[in-house]
Novice: 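Structure below; questions to follow.
The chain is numbered in sequence order, starting from 1. For the numbers below, each heavy atom of this structure counts, side chains included, while hydrogens, waters and symmetry mates do not.
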Amino acid sequence: MSLDGFPPFISAQLHYLINHFPDKIKVEQVLSGGKTYTGGLDRFTLLIPYCLDYIKWDIIYNAEFPLAPPDIIFGTEDEDFHPLHMTGRVGEGDLKFRNILSDWNYKDPTRLLALIQELRDRYMAYQKKRVGEVDDDRLTFEISTICSREGIEMQISSGAEKPEEVKFAVPLMDMNINKMVHGCPWRHPQKICLQVIYPVGKKYASTPSAPRLKLMSTTELRALFTIEDVKLPSWLDGMCMAEYLPHLEESLQKQVLEAVSLIDIRRHFIEALAPLFGRPLEADPVFCRKATFLASSGSFVFLVHFHISTLFPKQQPALMLQSSQHISPQGIPKKSPLLAEYPWSPRWEASQMAERIFDFLADESLNFKRFCNESQPQH
């Protein structure tokens with residue numbers, strides 16, 4: 001996001017926070033609070049990743065008095081969250097937190113990050129304490145069996161129109177996916193988590209209902225692996241997370257390793273196109289999901305865009321043709337719809353796949369040329 005309009009000290013702190021926070025943090029609702037001060041923007045809302053969702057905190061600086069740390073307003077659903085009074089005695093963590101505020105140095109760009117990380121840690125402890133106080137035997141048992149796993153986050157939610165429930169975010173697989181992809185462009189670590197949502201049970205319920213399960217991942221991971229294609233194992237009656245997670249992680253690990261190996265399969269396919277189409281004008285060098293070639297049919301010259309799925313070669317590439325000679329009235333080059341119905345077998349060698357696509361395009365290019373000519377405005 002653009003940090004134009006902020007005073008330099010706020011801009012420096014925000015820039016450092018955005019670039020060094022472990023997960024992707026968002027900034028919204030940027031405002032100026034002063035009625036007479038014209039020195040720039042000094043308040044905004046932070047969307048901080050927590051439990052596979054976001055918590056919203058309003059950060060309010062006073063640009064006229066930069067020596068003071070910002071005020072922070074937490075969400076209305078967290079009115080009982082008081083980070084300065086979470087323990088009865090002042091411990092090491094409390095002293096660290098108080099020092100961040102009392103020794104606030106607005107010239108230090110790292111201060112906002114340190115403050116948000118400390119508050120998020122305290123919010124995590126606050127939610128864990130709330131969940132631990134829920135009067136539900138199954139939840140108490142679940143927490144006792146998974147408390148040794150690192151990185152688990154939990155949150156309790158309730159409302160006037162929905163029943164009380166507890167949500168867990170469970171990181172899966174101790175794998176550094178970033179290091180497995182050569183030339184990885186990802187700035188943040190890629191993660192796969194299981195969201196587990198338990199309805200808070202009633203004492204008179206004879207059989208506890210199964211939790212709601214959803215697999216979630218960081219957005220960028222979709223360039224390599226699509227979790228929507230993963231079928232979750234069944235949750236059996238009487239099962240707990242400690243039993244369920246190992247089978248899921250074993251299956252996921254195999255699928256991620258296969259997804260990494262498919263990068264080279266896609267690269268080999270793109271290379272097999274070159275003897276027929278020539279060198280690609282553009283190609284995705286990391287995930288090998290896209291490639292563009294220049295082709296011709298007589299005097300008709302056009303581009304062929306290859307869109308290659310993570311499920312390749314089971315799923316054939318989608319092709320799009322783009323004319324270099326025909327322009328729409330809006331000034332946009334004429335393009336074909338995506339073409340995915342042509343002879344294909346995932347068992348073919350890459351060279352045969354390329355040959356069959358080349359033969360298909362020899363006929364399809366005539367249809368595309370006719371489409372371009374017929375839709376061209378007459379002068």
Novice: Indicate the ring-plane relationship of Tyr61 and Phe9, choosing parallel, tilted or perpendicular according to the 30° and 60° boundaries.
Specialist: perpendicular

Novice: On the 0 to 90° scale, with breaks at 30° and 60°, tag the Phe293-Phe277 ring pair as parallel, tilted or perpendicular.
Specialist: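 Because their plane-to-plane angle lies in the 30° to 60° range, the rings of Phe293 and Phe277 count as tilted.
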
Novice: Please walk me through it: do Trp344 and Phe360 pass ring pair (Phe, Tyr, Trp, His ring centres under 6.0 Å)?
Specialist: CA-CA 10 Å; Trp344 181 263; Phe360 167 74; over 10 Å; no

Novice: Measure from the side-chain N and O atoms of Asn178 to the backbone N and O of Gln190, and report whether any donor-acceptor pair falls under 3.5 Å.
Specialist: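 At least one qualifying donor-acceptor pair exists.
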
Novice: List for me each residue that meets side-chain contact (heavy atoms from CB on, under 4.5 Å) alongside Lys214, sequence neighbours excluded, and say none if there are none.
Specialist: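 Residues passing side-chain contact (heavy atoms from CB on, under 4.5 Å) with Lys214: Gln195, Met216.
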
Novice: Return yes if some donor-acceptor pair links the side-chain N/O of Ser261 with the main-chain N/O of Glu258 below 3.5 Å, else return no.
Specialist: yes

Novice: Using 30° and 60° as the class limits, which term best fits the ring planes of Phe269 and Phe306: parallel, tilted or perpendicular?
Specialist: perpendicular

Novice: Evaluate the side-chain proximity of Pro22 to Gln117: yes if any heavy-atom separation is below 4.5 Å, no if none is.
Specialist: yes

Novice: Show your working on side chain to side chain donor-acceptor pair (under 3.5 Å) between Glu142 and Tyr198 and close with a plain yes or no.
Specialist: CA-CA 10 Å; Glu142 288 284 10; Tyr198 285 96; 2.4 Å; yes

Novice: Measure from the side-chain N and O atoms of Gln127 to the backbone N and O of Ile156, and report whether any donor-acceptor pair falls under 3.5 Å.
Specialist: yes

Novice: Taking the six-membered ring for Trp, are Phe74 and Trp57 parallel (under 30°), tilted (30 to 60°) or perpendicular (over 60°)?
Specialist: perpendicular

Novice: Please walk me through it: do Arg370 and Asn367 pass side chain to side chain donor-acceptor pair (under 3.5 Å)?
Specialist: CA-CA 5 Å; Arg370 190 179 306 114; Asn367 296 329; 3.0 Å; yes

Novice: Counting distance only, does the side-chain N/O of Arg120 pair as donor-acceptor with the main-chain N or O of Pro49 below 3.5 Å?
Specialist: yes

Novice: Taking the side chain from Ser251 and the backbone from Leu248, do they hold a donor-acceptor pair closer than 3.5 Å?
Specialist: no

Novice: About how many Å separate OG1 of Thr219 and NZ of Lys24, when rounded to the nearest 0.5 Å?
Specialist: 6.5 Å

Novice: Give a yes or no on whether the backbone of Lys335 and the side-chain of Gln322 come within a donor-acceptor separation of less than 3.5 Å.
Specialist: no

Novice: Ring centroids only, cut at 6.0 angstrom: are Trp186 and Phe287 within range, meaning strictly under it?
Specialist: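 Yes; Phe287 has its ring centre under 6.0 Å from that of Trp186.
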
Novice: So which residues get pulled into Phe65's cluster when ILVMFWY side chains under 4.5 Å apart are joined, directly or through others?
Specialist: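 Answer for Phe65: none, a lone residue.
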
Novice: Short question: side chain of Arg267, backbone of Pro285 - any donor-acceptor pair under 3.5 Å?
Specialist: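 A pair under 3.5 Å: yes.
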
Novice: Less than 4.0 angstrom from a charged side-chain N to a carboxylate O is my criterion; do Lys129 and Glu133 meet it?
Specialist: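 The answer is yes: the pair qualifies as a salt bridge.
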
Novice: Check whether Tyr50 and Leu52 end up in the same hydrophobic cluster, where Ile, Leu, Val, Met, Phe, Trp and Tyr are linked by side-chain heavy atoms less than 4.5 Å apart.
Specialist: no

Novice: Any donor and acceptor pair, going by atom type alone, linking the side chain of Thr140 with main-chain N or O of Asp136 inside 3.5 Å?
Specialist: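 Such a contact is found between Thr140 side chain and Asp136 backbone.
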
Novice: Is it true that a side-chain atom of Arg122 and a backbone atom of Pro83 form a donor plus acceptor pair closer than 3.5 Å?
Specialist: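 It does hold such a pair.
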
Novice: Could you tell me whether the side chain of Tyr244 and the main chain of Pro233 form a donor-acceptor pair under 3.5 Å?
Specialist: yes

Novice: Honestly curious: do Ile72 and Tyr123 fall in one hydrophobic cluster under the side-chain, below-4.5 Å linking rule?
Specialist: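 Same cluster: Ile72 reaches Tyr123 through Ile, Leu, Val, Met, Phe, Trp or Tyr contacts under 4.5 Å.
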
